[in-house]
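Scroll down for the structure; my scribbles are underneath it.
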Amino acid sequence: MKPPSTASAASMDKSFDPKTVEPRWRSHWEKHDIFRAEPGSSRPPFCMVIPPPNITGRLHVGHGLNNALQDVLARWRRMSGDDVLWVPGSDHASIATHVMIERQLEKEGITRQQLGREKFLERAWAWKQKYGGEIADQLRQLGASCDWSRERFTMDPGLSRAVREVFVRLYEKGLIYRDRYLINWCPRCGTAVSDLEVVHKEMLGKIWTVRYQLEGGGEIRVATTRPETILGDAAVAVHPDDARYRDLVGRRAILPVLGRMIPVVADSFVDPAFGTGAVKVTPAHDPNDFLAGRRLGLEPIVVMDETGRMNAAAGPFAGLDRFECRTRLLEQLRNDGALIEEKDHMLSVGRCQRCDTIVEPMISLQWFVRMEPLAAPALEAVESGRIAVVPDQWKKTYYEWMRNIRDWCISRQLWWGHRIPAWYCAQCGAMIVSREDPVSCACGGRRLEQDPDVLDTWFSSGLWAFSTLGWPESTPELRRYYPTTVLVTGYDIIFFWVARMVMMGLEFMEDVPFHTVFFNGMVRDAKGEKMSKMKGNTVDLFDLLDTYGTDAVRFTCAALTSPGSDVAMSPGRLEGSRAFANKIWNAVRFARPHLDAAPAAPPAVEDGLGPADRWILSRCSRVAGEVNEALEAFRFDEASAKIYQFAWHELCDWYLELSKQPLSSANAQEADASRAVLRHVMERVIRMLHPFMPFITEELWQALPRVAGDPVSIALCAYPLSEPAFEDPEAESALATLIDAVTMCRNLRAEKKVAIKEPVRTWIQPANEAVARSLAGLEVQFKRLTRTSELQIGVIPAEVASVSGVSASAALQMAIQHEGRTTDVGAERARLQKEIEAASKELSVHEVKLGNEAFVSRARPEAVEKVRSAHGELSERIKLLKSALSRLGA
RNA sequence: GGGGCGUUAACUCAGCGGGAGAGUGCUACCUUCACACGGUAGAAGUCGUAGGUUCAAAUCCUACACGCCCCACCA
């Protein structure tokens, strides 16, 4: 099959236009199915599972970053010969989707309850149909090289089966249980949420001191920030050792307003120093009090319903909203003279992560996962290094959470999600937990009702690493790709997802879900502030792609990803990347006619290549090595910077200019040699860049001369490695010399404002015979570089040149600059560097000795002095060397 | 209350024991036959503050200041 037509050499636009190029290759990749993994392949497997985006909306810049990085790895490994499986998919996002759909319903003026479960689920599936597909399209737009044939959704039949299997196994093992417990309740969503889904925010509130009369006279004062919970008080507690209250323990207090009698009890959880030292105990509406209530045998009194309204137990306040109740209750307390003090107080208020409603601690019957037994192996897996964490600062966060783990409330009073596989018999009340829907109870009863609740959305995503590969079936994919190689994700979901995936993987696959987890940073705006809709500083990913082009955005993501730091999407960086894409485009535009004429065979060292050719081949080899090294270490910033620097400032700024002359040489052999080198280097750079900028590189690669047997896409070409045969220190040294000479001419011209009209000749004293040979007879046009017609380099000992066509003072200046030093800066620099290294080594030896001598020194101080003076001398020498180096380096 | 991260040029960020760097912006000059999304030259930084270790500190240690983030049941 023929590739789509690329712009011909003649018609290549002056600037790169992403909009025409990107769609072409997107469909080309799809058509040729080049991202499909091959479980039967003999190549080493490399697998990643995508952090499944929620189906709640379009991708944001954070997704852009995360997927750009994954794609860099996927394409790099694929080109490096691995059998890459990158599993795409999306998450049903139970509660988040609920919030979105309920917002729709609100506009229509109905509640989800009015709509009913069946109709609501129809809506949810329709939503999924629409947005699930959009997300896949958006990932494609980014160029994500996922295996689309293996796309998954957390509510697919297979994955749902995995969820049931896990639930039942955990239940049978006693790790899932059902209990009445104090949980976080979101009154708006009408569901329990886990501790992680509660976001605590500091805000200025008030603290009130309230007087409770004691039965038979006297009073006790308590402080509270939530006076409405007074209605549910079961006791007043004081510290057992608190002398002020010791005598009151065992007496009864009269609850204000309601007049109910509650005991005064002693418990050490009370801090005598806080507030009045006496605390109201509301077991049904406060986590601390709940535990205290259990210890003290107090009966919880529930005063609110699941919508946040006061219930019958609230007496005269029944039916009021909780905050309205607070206001009214305070009024009454004030009227009754029971309100003693009101003052400002900073408090931390828990809000629903999804809808920002203030959550209410409530007692309720829920399902939980017992976490300690699962956490222990998960902790060990990271401690032992079986899972590598990059950057490793996140280990500490992970350990901290694992070591203080608490049971996980997994049931949600929602409809969209995996329904809990538990049934209750209407006849005998028995509970059946089962993989298959049961038809009858052991008692013979046939009226079975399934638990109405669904599971926390993170329950199914916790299985993602193996459920997407076919578990519980033993599929070829599961056997080959589990454990996956790398997980790339944001650190914001380290507990929600990463930690739980480790636990689930170890429990059900008896192995880690991934060998390495790489945490990318969070995307900030250009000022480094967190993006939020409230602040209005959000940047739309697709606006960015539209403005700068997908390649430029992806390149910027990589360039800004250094381990452990967040990413600020700065316009400057984006512009730089866009300019870079254009630069590469034009480099190929220049090179193409020469490449078409180039010999098919790659260059060879025996071809008698010139110094510039040998130099660029050598540099290209080194850069390839460095880029691979950087990628191995997840240094996306270093890898992209190396390519950028090399491509722009070595290849374009110098090599392309230097090659213009030989490329158009009448000497066919010389021209061919240069063409072969240009072709080789150009293609290698484009390949190196491909994982970062897939679209432009595909376009350019397709435009290069093709040979039989080439793959259909650059994505299937080999990723460049270093080529030791081309590494050539002498050529590098020679070119450093040349570059120095040219730069010097330019400096002179700029500083002295001289117009150099005729050829300038400069003489260089080479460092050694080899460099001399490299440079001998090198005559290059530097029209572009010096604004002179040409610069001749002659190999002549240190005598001063006569310079024609420049002013006398400029000539003199030039002569001075040449005199008295070797202009082979490269060699000189290397020599000095070596001396410094040697001196430093010597120093470190002395340091060791100094340690020993210091011990002896108590008896012989002069020995220490000797060492110290040696240090001083060496330090001086290093300073001298460094200053010499800086003079040369500049 | 505990923990983490950051503070380097005007902006966004690398560097983490021996020459203070990149991209963008800025200044001057230049439409030269790949590219003005370009070329050349250049200005620009007490590397948060104060101590300490070292022959040598932006880089290691200790405090402090400011900023950001996470975790935590203090009424």
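Heavy-atom basis, side chains included; hydrogens, waters and symmetry copies ignored. Quick caveat, the model's predicted, so the values are computed rather than measured. A, B, ... follow the sequence lines: proteins, then strands. Residue 1 opens every chain.
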What contact category does [X] fall into here, base, sugar-phosphate, or nothing, at under 4.0 angstrom with non-hydrogen atoms?
X: R221(A); result: nothing
X: E638(A); result: nothing
X: F16(A); result: nothing
X: A587(A); result: base
X: S565(A); result: sugar-phosphate
X: H285(A); result: nothing

The side chain of [X] lies closest to which of these nucleotides: [options]?
X: S562(A); options: rC37(B), rA14(B), rA34(B); result: rA14(B)
X: W648(A); options: rG4(B), rG38(B), rC35(B); result: rG38(B)
X: E657(A); options: rU12(B), rC35(B), rU24(B); result: rC35(B)
X: N586(A); options: rA34(B), rG4(B), rC13(B); result: rA34(B)

Rounding to the closest angstrom, what is the interatomic distance between [N] and [M] at atom [atom1]?
N: rU54(B); M: rC13(B); atom1: C1'; value: 30 Å
N: rG1(B); M: rG48(B); atom1: C1'; value: 26 Å
N: rG4(B); M: rU62(B); atom1: P; value: 11 Å
N: rA63(B); M: rG25(B); atom1: P; value: 43 Å
N: rA20(B); M: rC69(B); atom1: C1'; value: 30 Å
N: rU7(B); M: rC64(B); atom1: C1'; value: 14 Å
N: rG21(B); M: rA14(B); atom1: C1'; value: 7 Å
N: rA9(B); M: rG45(B); atom1: C1'; value: 5 Å

[N] [atom2] sits how many Å from [X] [atom1], rounded?
X: D566(A); N: rC5(B); atom1: CG; atom2: C1'; answer: 9 Å
X: W394(A); N: rC70(B); atom1: CH2; atom2: C1'; answer: 7 Å
X: L656(A); N: rG39(B); atom1: CG; atom2: P; answer: 11 Å
X: M569(A); N: rC13(B); atom1: CE; atom2: P; answer: 11 Å
X: I696(A); N: rA34(B); atom1: CD1; atom2: C1'; answer: 13 Å
X: M522(A); N: rC13(B); atom1: CE; atom2: C1'; answer: 18 Å
X: E575(A); N: rG25(B); atom1: CD; atom2: C1'; answer: 9 Å
X: F646(A); N: rG23(B); atom1: CZ; atom2: C1'; answer: 19 Å

Sort me out a list of protein N/O and nucleotides 71-75 of chain B N/O pairs below 3.5 Å, or just none if empty.
{"unit_1": "rC73(B)", "atom_1": "OP1", "unit_2": "R406(A)", "atom_2": "NH1", "d": "3.2"}
{"unit_1": "rC73(B)", "atom_1": "O2'", "unit_2": "N288(A)", "atom_2": "ND2", "d": "3.4"}
{"unit_1": "rC73(B)", "atom_1": "O2", "unit_2": "N288(A)", "atom_2": "OD1", "d": "2.7"}
{"unit_1": "rC73(B)", "atom_1": "O2", "unit_2": "N288(A)", "atom_2": "ND2", "d": "2.5"}
{"unit_1": "rC74(B)", "atom_1": "N3", "unit_2": "D271(A)", "atom_2": "OD2", "d": "3.2"}
{"unit_1": "rA75(B)", "atom_1": "O2'", "unit_2": "A223(A)", "atom_2": "O", "d": "2.6"}
{"unit_1": "rA75(B)", "atom_1": "N6", "unit_2": "D271(A)", "atom_2": "O", "d": "2.4"}
{"unit_1": "rA75(B)", "atom_1": "N6", "unit_2": "F274(A)", "atom_2": "O", "d": "2.9"}
{"unit_1": "rA75(B)", "atom_1": "N1", "unit_2": "D271(A)", "atom_2": "N", "d": "3.2"}

Salt bridge E626(A)-R635(A), side-chain N to carboxylate O under 4.0 Å = no
Is there a side-chain contact between [X] and the phosphate of [N], meaning an N or O under 4.0 Å from OP1 or OP2?
X: R635(A); N: rG15(B); value: yes
X: K396(A); N: rC5(B); value: no
X: R589(A); N: rC35(B); value: yes
X: H649(A); N: rU40(B); value: no
X: K583(A); N: rG39(B); value: yes

Which residue lies toward the 5' end of RNA chain B, T397(A) or F590(A), if each is placed at its nearest nucleotide?
-> F590(A)
What residues form a side-chain hydrogen bond (donor to acceptor under 3.5 Å, both in side chains) with Y398(A), not counting sequence neighbours?
-> none
For D233(A), all residues meeting side-chain hydrogen bond (donor to acceptor under 3.5 Å, both in side chains), sequence neighbours excluded | Y212(A), K280(A), T282(A)
Kindly write out the residues that satisfy ring-ring contact (aromatic ring centres under 6.0 Å, His included) with [X], not counting sequence neighbours, or none if the list is empty.
X: H239(A); result: none
X: Y181(A); result: F290(A), F368(A)
X: F692(A); result: none

Tell whether R573(A) reaches the base of rU12(B) with its side chain through a donor-acceptor pair below 3.5 angstrom.
-> yes
Residue pair S659(A) / S674(A), side-chain donor-acceptor N/O under 3.5 Å | no
Are side-chain N/O atoms of T397(A) and E400(A) paired as donor and acceptor at under 3.5 Å?
-> no
Between which residue ranges does RNA chain B form stems of three or more consecutive Watson-Crick or G-U wobble pairs, both distances under 3.5 Å?
-> B:1-7 with B:65-71, B:10-13 with B:21-24, B:26-30 with B:38-42, B:48-52 with B:60-64
Where the side chain of D551(A) meets the backbone of I696(A), is there a donor-acceptor pair that is under 3.5 Å apart?
-> yes
Enumerate, atom names and distances included, each donor-acceptor pair closer than 3.5 Å involving a side-chain atom of residues 640-650 of chain A, sequence neighbours excluded.
{"unit_1": "S640(A)", "atom_1": "OG", "unit_2": "F636(A)", "atom_2": "O", "d": "2.9"}
{"unit_1": "S640(A)", "atom_1": "OG", "unit_2": "D637(A)", "atom_2": "O", "d": "3.1"}
{"unit_1": "H649(A)", "atom_1": "ND1", "unit_2": "D653(A)", "atom_2": "OD2", "d": "2.9"}
{"unit_1": "E650(A)", "atom_1": "OE1", "unit_2": "R619(A)", "atom_2": "NE", "d": "2.7"}
{"unit_1": "E650(A)", "atom_1": "OE2", "unit_2": "R619(A)", "atom_2": "NE", "d": "3.3"}
{"unit_1": "E650(A)", "atom_1": "OE2", "unit_2": "R619(A)", "atom_2": "NH2", "d": "3.0"}

Pairing residues for K19(A) by the salt bridge (charged side-chain N to carboxylate O under 4.0 Å, His left out) criterion, not counting sequence neighbours = D546(A)
Between Y548(A), F580(A), F695(A), W585(A), which is the residue that forms a ring-ring contact (aromatic ring centres under 6.0 Å, His included) with F16(A)?
-> W585(A)
